[in-house]
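Here's the structure we're looking at; comments come further down.
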Amino acid sequence: MQDNGLVGFFEQFLTKTSVFTNKAALQAQYAPGVIQHRDTQITQVANVLAPCLKNERPSNLFIYGKTGTGKTLVTRYTTDQIKNVAEQRQLPVKIVYINCKLKKVADTEYRLMAQLAKEFGKEVPPTGLPTDEVYRIFFSALDKHKQTVVLILDEIDQLVGKAGDELLYNLTRINSELQQAQISIVGISNDLAFTDALDPRVKSSLSEEELVFAPYDALQLQDILRDRASIAFRPNAVEAGVIEKCAARAASDNGDARRALELLRVAGELAERQNMDRIALAHLDIAEETLEKNRVLEFVRIQPKQHQATLYSILNVCAQKSGVFTGEIYDAYQKVCAQTKLRPLTQRRVSDIIAEFDMNGLISAKVISKGRYGRTREIRLAVPPQNCAQMLQLLQEGLALA
DNA sequence: AGGTATTCACATGAAACTATTCTCTGAGTTAGG
DNA sequence: TAACTCAGAGAATAGTTTCATGTGAATACCTGT
């Protein structure tokens with residue numbers, strides 16, 4: 001393209017009216033001024049946590065709900081209000097929010113403790129110290145002042161999955177050892193069956209209070225979307241029916257508000273890129289496809305080499321026939337390794353990698369018994385064929401295959 | 001025919017190992033007084 | 001003698017390997033009719 005052509009493009013880009021006025025309102029981190037359809041939950045959380053303002057220890061609280069049902073939003077909103085009141089009146093209340101899913105932050109016992117210590121002003125090295133030591137540092141920092149601490153552990157199931165429930169046991173018991181401070185725990189999980197696997201002692205003390213967030217229904221999602229859309233888009237930028245359709249999609253998909261907002265945002269971006277001044281229904285369809293495709297491709301792209309090699313083998317073998325077994329994949333995988341000078345992993349490990357892909361929904365791998373001919377996984381692809389070609393290409397580049 | 005014992009090809013679990021990153025500690029070294 | 005350097009011991013963690021045990025049903029093998 002010629003320079004002046006490009007300049008023209010940019011100038012046009014700047015002057016043209018965008019469908020967006022504030023795109024941030026559709027992003028996940030955005031905190032809306034008003035939270036729709038969660039009044040009862042807000043009240044309940046507030047009721048449970050309010051005692052901390054009177055310097056009493058609030059009950060531990062456990063919040064369940066599927067993704068995108070507003071658990072985090074409600075909790076953060078409520079605790080922010082508490083924080084405000086506490087600040088105004090100079091009350092010794094501290095709210096600590098930790099997302100246990102964040103890699104390298106709080107996904108193990110050590111890291112959680114280190115993160116907590118950091119919240120109380122004690123930097124802890126990322127490794128090198130015994131865990132007890134970090135625990136001790138946190139403990140002494142916590143107990144230094146008379147204060148009430150509300151510790152919010154988001155995605156707590158992830159933490160327990162990796163670090164075990166002993167950690168939670170210690171945390172719930174910590175109050176009996178504290179002299180000055182007191183602590184209560186708010187656990188947030190989107191795995192409803194999570195507590196079943198928990199040690200009964202931990203379970204009972206952690207869920208002194210319980211709260212379940214039901215998924216939004218289509219009408220509620222509509223309200224939410226309309227509210228956000230009115231902030232995010234120029235007036236009249238959304239065609240009639242778009243919001244309704246978007247809400248309906250998300251409602252049938254577990255009532256995930258986050259997905260719905262993302263869908264709307266991508267649809268908006270599409271409309272903008274096409275120089276349209278309104279978002280049409282057609283944009284939604286395309287948005288849904290691109291969203292899914294990008295999700296898959298991005299996932300594939302960031303996989304480690306060994307995983308990529310395994311996936312490459314799966315794609316190749318599955319392209320020839322459907323219903324493939326672990327052994328065949330492993331044979332193909334070994335060949336791929338030979339070609340790429342990759343050190344082949346054991347079948348044990350590859351088996352686990354296949355299971356991981358199954359978890360991530362890239363393939364479906366069902367354990368079946370073939371009777372006399374053994375027991376294995378029956379593997380088939382779970383991505384649409386038109387995406388496979390792109391995945392293959394991506395993998396070939398990633399693995400530097402001819 | 002009907003019943004039960006085998007057998008396959010992995011699945012699944014647990015423990016141990018490897019490599020990397022990082023701290024802490026104490027011995028040895030150096031430089032200044 | 002104080003400050004500095006540096007190697008070695010220990011930790012945490014991710015990713016594997018090694019070893020051991022489990023498993024569901026198609027087949028092989030009996031048994032009695």
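The sequence lines fix the lettering, A, B, ..., with proteins before strands; numbering per chain opens at 1.
- Remark: A/Gln303 pairs with A/His307 by the side-chain hydrogen bond (donor to acceptor under 3.5 Å, both in side chains) rule, at least two apart or across chains.
- Electrostatic pairing of A/Lys71 and A/Glu155 does not count as a salt bridge here, judged by no charged N lying under 4.0 Å from a carboxylate O.
- Other residues, nucleotides and ligands contribute over 12 non-hydrogen atoms within 6.0 Å of the CD atom of A/Glu177.
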Exercise for the section: Indicate for each nucleotide in nucleotides 26-31 of chain C, in 5' to 3' sequence, whether protein heavy atoms under 4.0 Å reach the base (B), only the sugar-phosphate (S), or nothing (-). Expected result: BSS---
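- Under a cut-off of 6.0 angstrom, the local environment of CD in A/Glu166 is sparse, with at most 12 non-hydrogen atoms contributed by other residues, nucleotides or ligands.
- Sorted by first then second residue, the ring pair (Phe, Tyr, Trp, His ring centres under 6.0 Å) pairs that include residues 167-198 of chain A, not counting sequence neighbours, are A/Phe62-A/Phe194.
- Summarising the geometry, atom OH belonging to A/Tyr330 is positioned 6.0 Å from atom OG1 belonging to A/Thr346; distances are rounded to the nearest 0.5 Å.
- When each of A/Gly374 and A/Arg377 is assigned the nucleotide of DNA chain B with its nearest heavy atom, A/Gly374 is the one assigned upstream, toward the 5' end.
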Completion exercise
Protein heavy-atom contacts under 4.0 Å, written 5' to 3' over nucleotides 12-22 of chain C as B (base), S (sugar-phosphate only) or - (none), form the string BSS-SSB----
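- The C1' atoms of five pairs define one axis at each end of the helix from B/dA1-C/dT31 to B/dA31-C/dT1, and these two axes lie 30° apart (to 10°).
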Donor-acceptor pairs under 3.5 Å, side chain of residues 23-35 of chain A to any protein atom, not counting sequence neighbours: which ones?
| residue | atom | partner | partner atom | Å |
| --- | --- | --- | --- | --- |
| A/Lys23 | NZ | A/Glu269 | OE2 | 3.1 |

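- Using a 3.5 Å distance cut-off with no hydrogens or angles, the side chains of A/Asp154 and A/Thr72 do pair a donor with an acceptor.
- Take A/Arg249 and apply the salt bridge (charged side-chain N to carboxylate O under 4.0 Å, His left out) test, not counting sequence neighbours, and it matches A/Asp285, A/Glu288.
- As rounded to whole Å, 18 Å separates atom P of C/dA11 from atom CE of A/Met113.
- Scanning residues 323-330 of chain A for heavy-atom distances under 4.0 Å to DNA chain B yields A/Thr326, A/Gly327.
- The CG atom of A/Asp352 sits 4.0 Å away from the CZ atom of A/Arg348 when rounded to the nearest 0.5 Å.
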For nucleotides 15-18 of chain B, print each protein N/O atom paired with a nucleotide N/O atom at under 3.5 Å, atom names and distance only.
none

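- Applying the salt bridge (charged side-chain N to carboxylate O under 4.0 Å, His left out) test to A/Glu87 and every residue at least two apart in sequence or in another chain returns nothing.
- Rounding to the nearest 0.5 angstrom, the gap separating the CG atom in A/Leu73 from the CD atom in A/Gln36 is 11.0 Å.
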Side chains of residues 356-364 of chain A: which donor-acceptor partners sit under 3.5 Å, not counting sequence neighbours?
| residue | atom | partner | partner atom | Å |
| --- | --- | --- | --- | --- |
| A/Asp358 | OD1 | A/Ala365 | N | 3.1 |
| A/Asn360 | ND2 | A/Glu356 | O | 3.0 |

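- Residues satisfying the salt bridge (charged side-chain N to carboxylate O under 4.0 Å, His left out) criterion with A/Arg372, sequence neighbours excluded, are absent altogether.
- Aromatic rings from A/Phe233 and A/Phe20 are positioned such that their centres are separated by under 6.0 Å.
- With rounding to whole Å, A/Lys366 atom NZ is found 12 Å from C/dA25 atom P.
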